[in-house]
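Starting from 1, each residue takes its place in the sequence as its number.
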Amino acid sequence: MPVNCIDNNTGINPDYMTGKKRVLNKNFNIQIEDINRGSKVDEPLISFSNPKTGESIELHRSDIYSDDTPIYILKGKTAEGEEFERKHHAWMIDPRNCSYAELMMLNQETGNTSLGDKQRADILFAKTGVKTYLDKADYSTAIKDIMEEYKNSGNWDAYFSMDKWQQSLNGYISVPVYFDRSIMGQNTMERNGVKGSCSFAIVRTAEEIQKEIDDRMKAAALSSKLC
């Protein structure tokens, strides 16, 4: 197969077809002070700073972290010099609208913790044009743009490395997320930058999942015809 036809991989996670899902339990709404009460946050998994803005960030696993409760704690100083501590649930991160700091959480969740993985994130950070590590950006599009540049320049090693990284991120985020029905009352949530209240809501609907499958299949079929 010609090398310029490598894009016919649909990237569809088999979890779509097997019905695998994730369920947010009551820990989703636990406050930071409750998570860390009585014990110290683990040593940072990674820390990074920006000499241009003066911000510095540490990424920690929370005291209650588990595969079913992947809650991380961000601690540090903002570009404005304010100290902060925030809770993030890895299942709620969407690379189409996330921060560099959240992207680093996905790296931890997918085992992409090498220096090369951080360098890829740094390249995307520069590509998006955002100023701080907490600013939201469309990293998914940035990945595609960088891969297109690698493809046009014939830099296939970088292309395949970026593609492998992209597929691991896509595999993680593509599992549908639901609220546990035992969570009573109205829960305020935020995804894709939109806040709202919901009870027992599906975070990703079956229609959204099916549309993404259809779109990827169409793209794969078109790419195959062009090869």
Side-chain angles (χ1 to χ4, degrees), residues 1-13 15-16 46 48-53 55 57 59 74 79 88 90-175 190-194 204 208-227:
M1 180 180 65
V3 72
N4 64 343
C5 296
I6 57 179
D7 291 330
N8 66 343
N9 187 342
T10 65
I12 295 175
N13 185 348
D15 291 331
Y16 280 130
I46 188 173
F48 36 94
S49 58
N50 190 332
K52 293 182 179 180
T53 64
E55 65 180 326
I57 297 177
L59 176 60
L74 281 181
H88 289 263
W91 291 352
M92 303 302 291
I93 300 173
D94 186 340
R96 294 171 296 184
N97 185 34
C98 75
S99 67
Y100 174 91
E102 290 172 313
L103 191 65
M104 298 306 289
M105 293 181 208
L106 288 182
N107 267 352
Q108 292 293 325
E109 286 294 286
T110 55
N112 294 308
T113 57
S114 70
L115 178 60
D117 295 317
K118 184 180 184 303
Q119 289 174 339
R120 277 182 277 277
D122 290 341
I123 291 172
L124 295 182
F125 176 75
K127 182 69 174 178
T128 62
V130 295
K131 303 302 182 182
T132 79
Y133 291 138
L134 299 177
D135 289 340
K136 300 280 188 175
D138 185 352
Y139 280 91
S140 181
T141 295
I143 290 176
K144 295 176 182 177
D145 291 343
I146 290 292
M147 289 178 63
E148 188 66 20
E149 293 176 10
Y150 288 154
K151 180 179 178 180
N152 292 336
S153 66
N155 189 350
W156 297 112
D157 287 342
Y159 180 99
F160 284 119
S161 294
M162 185 69 76
D163 184 53
K164 181 179 179 181
W165 181 52
Q166 174 189 232
Q167 293 301 327
S168 67
L169 297 181
N170 286 344
Y172 182 84
I173 67 171
S174 63
V175 181
E190 178 175 352
R191 183 153 184 161
N192 301 335
V194 179
R204 298 192 72 209
E208 289 176 323
I209 296 170
Q210 187 59 53
K211 184 179 184 302
E212 186 170 348
I213 293 174
D214 293 342
D215 289 344
R216 292 187 185 184
M217 294 296 289
K218 290 177 182 177
L222 178 60
S223 179
S224 179
K225 290 180 180 179
L226 294 176
C227 293

Donor-acceptor pair, Asp117 side chain versus Ser114 backbone, under 3.5 Å?
yes

**OP:** List the steps, then state whether side-chain contact (heavy atoms from CB on, under 4.5 Å) holds for Thr113 with Gln108.
**Re:** CA-CA 6 Å; Thr113 57; Gln108 292 293 325; 3.6 Å; yes

Flag for Gln166-Asp163: side-chain donor and acceptor within less than 3.5 Å | yes

What distance do [X] atom [atom1] and [Y] atom [atom2] have between them, rounded to the nearest 0.5 Å?
| X | Y | atom1 | atom2 | answer |
| --- | --- | --- | --- | --- |
| Ile173 | Asp94 | CD1 | CG | 5.5 Å |
| Trp165 | Asn170 | CH2 | CG | 10.5 Å |
| Asn97 | Glu102 | CG | CD | 8.0 Å |
| Thr110 | Tyr172 | OG1 | OH | 8.5 Å |
| Lys136 | Cys98 | NZ | SG | 6.5 Å |
| Thr128 | Ile143 | OG1 | CD1 | 11.0 Å |

So which heavy atom on [X] is nearest to which on [Y], and how close?
| X | Y | answer |
| --- | --- | --- |
| Lys131 | Thr53 | O-CG2, 3.5 Å |
| Val175 | Gly171 | CG2-O, 4.0 Å |
| Pro51 | Ser49 | CD-O, 3.7 Å |
| Ala121 | Leu103 | CB-CD2, 4.0 Å |
| Glu55 | Ala79 | CB-N, 3.7 Å |

Check your understanding: Got a sec: does the CG of Asn152 have more than 12 other heavy atoms crowding it under 6.0 Å?
Key -> yes

### Task
Show your reasoning for whether side-chain contact (heavy atoms from CB on, under 4.5 Å) applies to Asn50 and Thr132.
CA-CA 8 Å; Asn50 190 332; Thr132 79; over 6 Å; no

*Please walk me through it: do Met104 and Lys118 pass side-chain contact (heavy atoms from CB on, under 4.5 Å)?*
CA-CA 8 Å; Met104 298 306 289; Lys118 184 180 184 303; 3.9 Å; yes

Check whether any side-chain heavy atom of Glu149 lies under 4.5 Å from a side-chain heavy atom of Met162, and answer yes or no.
no

* Asked: Any side-chain heavy atom of Leu134 within less than 4.5 Å of one from Leu74?
  -> yes

Practice task
Apply the test side-chain contact (heavy atoms from CB on, under 4.5 Å) to residues Asn107 and Leu169: give CA-CA distance (whole Å), side-chain angles for both, the deciding distance (0.1 Å), then the verdict.
Solution key: CA-CA 8 Å; Asn107 267 352; Leu169 297 181; 4.3 Å; yes

task = Look at the aromatic rings of Phe48 and Tyr100 and report parallel, tilted or perpendicular, splitting at 30° and 60°.
result = perpendicular

- Tell me, with the steps shown, if Tyr150 and Phe160 meet ring-ring contact (aromatic ring centres under 6.0 Å, His included). CA-CA 9 Å; Tyr150 288 154; Phe160 284 119; over 10 Å; no

